[in-house]
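For reference, the structure discussed in these notes is given below.
These numbers come from a predicted model, not from an experiment.
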Protein chains: 2
Amino acid sequence: MSEARLVGMPPRSSAQAVYAQIADDLRSQIDDGRLAPGEQLPTEQALSDKFDVTRTTVRQALTLLKNEGLVVPSRPRGYFVRKVQRSIFRPQAEFRPRPSSPEMDQWMEEQAQEGRVPSQTITVEIVTPPPVVASRLKLQEGELAVVRRRVRYLDGEPFNLNDSYFPLGLVNNSEIVTPHDIQRGANEVLSELGARQVRAIDEIEVRMPSPVESDRLELGPGVPVAVLRSTGYTKDGQPVRSVVTILPGTRHVIMFERDRPVDSGR
Amino acid sequence: MSEARLVGMPPRSSAQAVYAQIADDLRSQIDDGRLAPGEQLPTEQALSDKFDVTRTTVRQALTLLKNEGLVVPSRPRGYFVRKVQRSIFRPQAEFRPRPSSPEMDQWMEEQAQEGRVPSQTITVEIVTPPPVVASRLKLQEGELAVVRRRVRYLDGEPFNLNDSYFPLGLVNNSEIVTPHDIQRGANEVLSELGARQVRAIDEIEVRMPSPVESDRLELGPGVPVAVLRSTGYTKDGQPVRSVVTILPGTRHVIMFERDRPVDSGR
DNA sequence: GAGTGGTCTAGACCACGGG
DNA sequence: CCGTGGTCTAGACCACTCC
């Protein structure tokens, strides 16, 4: 660790870049708990001294760990091991009983039961839906949709983004276009419109967030998101709702329950 | 873009770091298709000239885009816009009919129908299961499990990692401990052992891969993974199987289909 | 061989927030 | 105020692969 090293000569004999070795060292400390969640790492300067390399090289190592989601820089205090707490997210809300409190929707009630403090903002817009949504709702080019946009918070922090699209022709003049929580549940309203949802298809895609999403959800580096697209259908197979939810990886576990279909017992 | 700039003075008046501006410029070109998937970006040198900054600064911008999963460096050819193709992954295989070809399991048959070339390796071990798995299977400390590890490939590239754990006490001496595909399906074997699976709970977690996973799956930078944990139960609620699947975000869409439970029509 | 990205050094100035 | 991480410069040598 103290041998003379020529300038700009990276992998040397050891086959591993120096910054990768430093990252490995720190990562193993995190993995086995010698550095616990929330604990502070040595400063860049300290690591630079310890490994006898430039701060630039140390920063390369830390950037790696940052992008692996293991550490979080908190300026100007230092780097800390990331603390992760995930809440359970169940996409099957529309098929479960409505909450007892009229102020709350399904999601809020479940979170409150876990002792968290949920809140949300709702805005409603009439828009040309993005292509994926239009396709799921089988809308023609140019057809409009109503979108109910929710930003949900837990203990004051943004938690997920939830946009529900409905065909404008279906829900116009109904309660769905009002920017408030629908206490009976959107499915009751759909039902009265003769378009009760009885089936859904969920698609989950995993990727890094766009800068916009990262900003809105206050995501640090190294935090991927799940994109959950739920499309709801009537018993005749007509799509009536398309929900896009952006879920930060550090804050959610998505949970499904499945039963064997009745006809496939064999 | 050509004004004199003092050394080491980053955000200036513009509130945005230079490397972030360069990243924004490239990102917007990617977003609106001026740089199409698979297309090559300007070289570091070219960008360095164009924006009149050091190569180091250009690299900071490119590192950002790399970690957002937008570009992939291919040495020594240059940087390219990432091409993404996702296949559909359905976790409900055990409740669907078995494949017609005895050589293939559910997953392989579905992929073959899409015109892809699937293959897989299977190894079987008897292990002390990881804590999460032990907890799902309700195993006591020290109890062993049989794990069937699959690595699945599509068109020769690693596609996902799939580890199925069974309580050793349940499946010992059965076909499940042999390192071959079980043509009838594992659930048929469980059925003969008096432990037919009729229900499952799926949990999906999203995070960046560990270096080991990244290596095994040949993931580039900026590729998150989904961890799908499926736990199977008998009609008496006894857990009989716990499956852990690691799915690279760039290669999968996870899909579920849901019907309204029979008793909640109201 | 030429040109690419990968690694590393040695230095500088800056913004920011906790003590 | 001081120490932290954030940004940037100006250089160097390397490994790799395509031509």
- Euclidean distance, atom CD of residue A/Gln21 to atom C1' of C/dC8 [Å, nearest integer]: 13 Å
- Note on the structure: When A/Arg55 and A/Pro76 are each assigned the nearest nucleotide of DNA chain D, the 5'-most assignment goes to A/Pro76
- Would you say B/Arg27 and A/Pro211 make side-chain contact, with heavy atoms under 4.5 Å? yes
- Task: Nearest whole angstrom, please: distance from the P of C/dT4 to the NZ of B/Lys66.
- Result: 17 Å
- Query: Do the side chains of A/Val84 and B/Arg207 get nearer than 4.5 Å, heavy atoms only?
  - Reply: no
- Given D/dG5, D/dC8, C/dT9, which nucleotide is nearest the side-chain atoms of A/Arg75? D/dG5
- For atom CG of A/Leu64 and atom C1' of C/dG6, their distance in whole Å: 13 Å
- Message: Closest approach to the side chain of B/Arg59, judged atom by atom: which nucleotide of C/dG6, D/dT9, C/dC8 is it?
- Response: C/dG6
- Message: Of the options C/dC8, D/dA15, D/dT7, whose atoms approach the side-chain atoms of A/Ala17 most closely?
- Response: C/dC8
- Is any side-chain nitrogen or oxygen of B/Tyr79 closer than 4.0 Å to OP1 or OP2 of C/dG6? yes
- Item | NZ/NE/NH1/NH2 to OD/OE distance under 4.0 Å, A/Arg148 and A/Asp181 | no
- When rounded to whole Å, the CD to C1' distance for the pair B/Gln60 and C/dC14 reads 14 Å
- Message: Measuring to OP1 and OP2 of D/dC8, would you say a side-chain N or O of B/Tyr19 lies under 4.0 angstrom away?
- Response: no
- Task: Starting at CE of B/Met208, measure out to CG of A/Leu70 and round the result to the nearest 0.5 Å.
- Result: 10.0 Å
- Item | A/Arg82-A/Thr250 side chain donor-acceptor pair, cut-off 3.5 Å | no
- Task: Can you tell me the distance, in whole Å, between the CD atom of B/Gln16 and the C1' atom of C/dA15?
- Result: 15 Å
- Would you indicate, yes or no, if C/dT4 has its OP1 or OP2 atom less than 4.0 angstrom from a side-chain nitrogen or oxygen of B/Ser74? no
- Length of the CD1-P vector between A/Ile22 and C/dT7, whole Å: 13 Å
Which pairs of donor and acceptor atoms, one on a side chain in residues 34-42 of chain A, lie under 3.5 Å apart (sequence neighbours left out)?
| unit_1 | atom_1 | unit_2 | atom_2 | d |
| --- | --- | --- | --- | --- |
| A/Arg34 | NH1 | A/Asp32 | OD1 | 3.3 |
| A/Arg34 | NH1 | A/Asp32 | OD2 | 2.4 |
| A/Glu39 | OE1 | A/Ala36 | N | 2.9 |
| A/Gln40 | NE2 | A/Arg77 | O | 2.8 |

- Task: Mind running a 4.0 Å heavy-atom check of residues 36-47 of chain A against DNA chain C and sending the residues that fall below it, in number order?
- Result: none
- Query: Do the side-chain N and O atoms of B/Gln45 and B/Asp49 include a donor-acceptor pair separated by under 3.5 angstrom?
  - Reply: yes
